[in-house]
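Source: prediction; values computed, not measured.
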Amino acid sequence: MAGVPTRPVGRDRPVDRPTTATERQVAALCAGLLGVDEVGTRVDFFELGGHSLLLARLVGMVRDRFAVELPVREVLLDPTVATIAALVDAGEPAGAAPEGATTPTAAPTARRVRVRAVVGADSTLRVRRGGTDVRS
(Lines give C-alpha, C1' and ligand atoms only; values in the text may rest on other atoms or scores of the structure.)
Protein backbone atom coordinates (compact mmCIF):
# COMPACT_ATOMS: atom_id res chain seq x y z
CA MET A 1 0.00 0.00 0.00
CA ALA A 2 2.13 2.80 -1.29
CA GLY A 3 1.52 6.22 0.17
CA VAL A 4 -0.25 4.96 3.30
CA PRO A 5 1.62 6.05 6.42
CA THR A 6 2.45 3.28 8.82
CA ARG A 7 2.18 3.67 12.55
CA PRO A 8 5.36 2.84 14.42
CA VAL A 9 4.95 0.03 16.89
CA GLY A 10 6.75 -1.12 19.99
CA ARG A 11 10.21 0.29 20.58
CA ASP A 12 9.99 2.66 17.57
CA ARG A 13 6.92 4.49 18.88
CA PRO A 14 7.42 7.87 20.57
CA VAL A 15 7.23 7.46 24.33
CA ASP A 16 4.24 8.93 26.14
CA ARG A 17 5.79 9.67 29.50
CA PRO A 18 3.92 8.62 32.67
CA THR A 19 2.20 11.53 34.39
CA THR A 20 0.85 10.04 37.63
CA ALA A 21 2.71 8.34 40.46
CA THR A 22 0.93 5.08 39.69
CA GLU A 23 1.85 5.27 35.99
CA ARG A 24 5.49 5.93 36.90
CA GLN A 25 5.61 2.91 39.22
CA VAL A 26 3.86 0.60 36.74
CA ALA A 27 6.14 1.83 33.93
CA ALA A 28 9.19 1.09 36.09
CA LEU A 29 7.91 -2.44 36.80
CA CYS A 30 7.31 -3.04 33.07
CA ALA A 31 10.70 -1.64 32.08
CA GLY A 32 12.43 -3.87 34.61
CA LEU A 33 10.62 -6.98 33.40
CA LEU A 34 11.19 -6.20 29.73
CA GLY A 35 14.79 -5.05 30.11
CA VAL A 36 14.21 -1.65 28.52
CA ASP A 37 15.10 1.84 29.71
CA GLU A 38 11.57 3.22 29.62
CA VAL A 39 8.04 2.23 28.74
CA GLY A 40 5.49 4.70 27.42
CA THR A 41 2.00 4.77 28.83
CA ARG A 42 0.33 3.74 25.56
CA VAL A 43 2.74 1.08 24.27
CA ASP A 44 1.42 -2.48 24.24
CA PHE A 45 3.30 -4.75 26.68
CA PHE A 46 3.42 -7.53 24.05
CA GLU A 47 4.82 -5.23 21.34
CA LEU A 48 7.79 -4.57 23.60
CA GLY A 49 8.60 -8.27 23.82
CA GLY A 50 6.38 -9.25 26.72
CA HIS A 51 4.64 -12.60 26.81
CA SER A 52 1.99 -14.25 28.95
CA LEU A 53 4.39 -15.45 31.64
CA LEU A 54 5.92 -11.99 32.01
CA LEU A 55 2.42 -10.51 32.16
CA ALA A 56 1.56 -12.94 34.96
CA ARG A 57 4.71 -11.84 36.81
CA LEU A 58 3.75 -8.21 36.26
CA VAL A 59 0.27 -8.80 37.70
CA GLY A 60 1.87 -10.41 40.76
CA MET A 61 4.35 -7.56 41.15
CA VAL A 62 1.53 -5.01 40.89
CA ARG A 63 -0.46 -6.93 43.51
CA ASP A 64 2.57 -6.92 45.84
CA ARG A 65 3.42 -3.24 45.24
CA PHE A 66 -0.09 -1.75 45.37
CA ALA A 67 -2.05 -4.42 47.32
CA VAL A 68 -4.76 -4.59 44.65
CA GLU A 69 -6.10 -7.41 42.52
CA LEU A 70 -5.95 -6.72 38.80
CA PRO A 71 -8.65 -8.20 36.59
CA VAL A 72 -6.34 -10.17 34.26
CA ARG A 73 -8.93 -10.15 31.48
CA GLU A 74 -8.90 -6.34 31.44
CA VAL A 75 -5.11 -6.27 31.40
CA LEU A 76 -5.07 -8.68 28.45
CA LEU A 77 -7.53 -6.52 26.51
CA ASP A 78 -5.30 -3.44 26.77
CA PRO A 79 -1.88 -4.28 28.23
CA THR A 80 -0.55 -0.74 28.53
CA VAL A 81 0.87 1.18 31.47
CA ALA A 82 -2.04 3.64 31.28
CA THR A 83 -4.67 0.90 31.54
CA ILE A 84 -2.84 -1.02 34.27
CA ALA A 85 -2.36 2.18 36.29
CA ALA A 86 -6.05 3.06 35.90
CA LEU A 87 -7.01 -0.44 37.06
CA VAL A 88 -4.69 -0.07 40.06
CA ASP A 89 -6.19 3.29 40.98
CA ALA A 90 -9.72 1.88 40.74
CA GLY A 91 -8.70 -1.56 42.01
CA GLU A 92 -10.12 -3.86 44.57
CA PRO A 93 -7.84 -4.49 47.55
CA ALA A 94 -5.89 -7.75 47.32
CA GLY A 95 -7.56 -10.48 49.32
CA ALA A 96 -10.97 -8.84 49.11
CA ALA A 97 -13.58 -11.01 47.49
CA PRO A 98 -17.09 -10.05 46.49
CA GLU A 99 -19.68 -11.03 49.06
CA GLY A 100 -20.52 -14.72 48.79
CA ALA A 101 -17.49 -15.52 46.62
CA THR A 102 -15.01 -18.15 47.64
CA THR A 103 -11.29 -17.82 47.25
CA PRO A 104 -9.16 -20.63 45.85
CA THR A 105 -7.64 -21.27 49.28
CA ALA A 106 -10.95 -21.32 51.15
CA ALA A 107 -11.78 -24.98 50.49
CA PRO A 108 -8.36 -26.44 51.48
CA THR A 109 -8.28 -24.25 54.59
CA ALA A 110 -11.78 -25.35 55.57
CA ARG A 111 -10.74 -29.00 55.07
CA ARG A 112 -7.72 -28.56 57.37
CA VAL A 113 -9.93 -26.98 60.03
CA ARG A 114 -12.43 -29.85 59.81
CA VAL A 115 -9.64 -32.46 59.97
CA ARG A 116 -8.13 -30.80 63.05
CA ALA A 117 -11.56 -30.72 64.69
CA VAL A 118 -12.02 -34.45 64.07
CA VAL A 119 -8.54 -35.75 64.92
CA GLY A 120 -7.36 -33.03 67.29
CA ALA A 121 -4.81 -30.27 66.82
CA ASP A 122 -2.04 -32.29 68.51
CA SER A 123 -2.42 -35.26 66.16
CA THR A 124 -0.31 -36.00 63.12
CA LEU A 125 -2.27 -36.79 60.00
CA ARG A 126 -0.45 -38.61 57.23
CA VAL A 127 -2.23 -39.28 53.99
CA ARG A 128 -0.91 -42.22 52.02
CA ARG A 129 -2.17 -44.01 48.96
CA GLY A 130 -4.72 -46.50 50.04
CA GLY A 131 -5.51 -44.94 53.38
CA THR A 132 -5.02 -42.37 56.10
CA ASP A 133 -2.93 -42.82 59.22
CA VAL A 134 -3.77 -40.75 62.32
CA ARG A 135 -1.37 -40.68 65.24
CA SER A 136 -1.86 -38.85 68.51
Side-chain angles (χ1 to χ4, degrees):
M1 298 178 113
V4 176
T6 58
R7 188 179 98 192
V9 295
R11 297 176 197 269
D12 300 330
R13 186 178 296 167
V15 175
D16 296 323
R17 301 222 186 281
T19 57
T20 68
T22 305
E23 284 181 350
R24 284 189 289 278
Q25 290 182 57
V26 171
L29 291 174
C30 289
L33 275 176
L34 297 169
V36 297
D37 293 332
E38 60 183 354
V39 176
T41 58
R42 288 271 150 223
V43 178
D44 187 292
F45 182 81
F46 296 111
E47 288 179 4
L48 290 173
H51 51 76
S52 60
L53 294 177
L54 282 179
L55 187 65
R57 283 184 58 197
L58 176 62
V59 168
M61 292 168 75
V62 167
R63 180 179 41 248
D64 292 344
R65 169 78 53 93
F66 298 101
V68 296
E69 291 293 337
L70 289 181
V72 177
R73 185 175 195 280
E74 296 295 322
V75 175
L76 285 170
L77 290 173
D78 186 19
T80 62
V81 168
T83 296
I84 294 169
L87 291 169
V88 165
D89 289 340
E92 188 167 313
E99 192 171 317
T102 60
T103 60
T105 59
T109 301
R111 272 195 300 274
R112 282 194 298 272
V113 169
R114 283 194 303 271
V115 167
R116 285 189 180 135
V118 171
V119 298
D122 297 333
S123 300
T124 302
L125 178 67
R126 294 187 323 171
V127 178
R128 296 177 293 152
R129 275 191 200 170
T132 303
D133 183 19
V134 179
R135 296 184 182 176
S136 294

**Asked** Taking all atoms of both residues into account, what is the closest heavy-atom pair of Val81 and Gly40, and its distance?
**Response** CG2-O, 3.8 Å
**Message:** Please list all pairs meeting side-chain hydrogen bond (donor to acceptor under 3.5 Å, both in side chains) that have one or both residues in residues 74-85, counting only residues at least two apart or in different chains.
**Reply:** Asp78-Thr83, Thr80-Thr83
**Fill in**
Residues passing the side-chain hydrogen bond (donor to acceptor under 3.5 Å, both in side chains) test with Arg17, sequence neighbours excluded, are Glu38
**Message:** Side chains of Leu76 and Phe46, heavy atoms from C-beta outward: is any pair under 4.5 Å?
**Reply:** yes
**Asked** Would you find more than 12 non-hydrogen atoms of other residues, nucleotides or ligands less than 6.0 Å from Asp37 atom CG?
**Response** no
**Prompt:** For residues 49-59, which residue pairs qualify under salt bridge (Lys or Arg N to Asp or Glu O under 4.0 Å), counting only residues two or more places apart or in two chains?
**Reply:** none
**Set of side chain to side chain contact (heavy atoms under 4.5 Å, CB included) partners for Val75, sequence neighbours left out** = Leu55, Leu70, Ile84, Leu87
Side-chain donor/acceptor pairs under 3.5 Å, residues 18-35, sequence neighbours excluded:
residue : atom : partner : partner atom : Å
Thr19   : OG1  : Glu23   : OE1          : 3.2
Thr20   : OG1  : Glu23   : N            : 3.0
Thr22   : OG1  : Asp89   : OD1          : 2.8
Glu23   : OE1  : Thr19   : N            : 2.8
Arg24   : NH1  : Thr19   : O            : 3.0

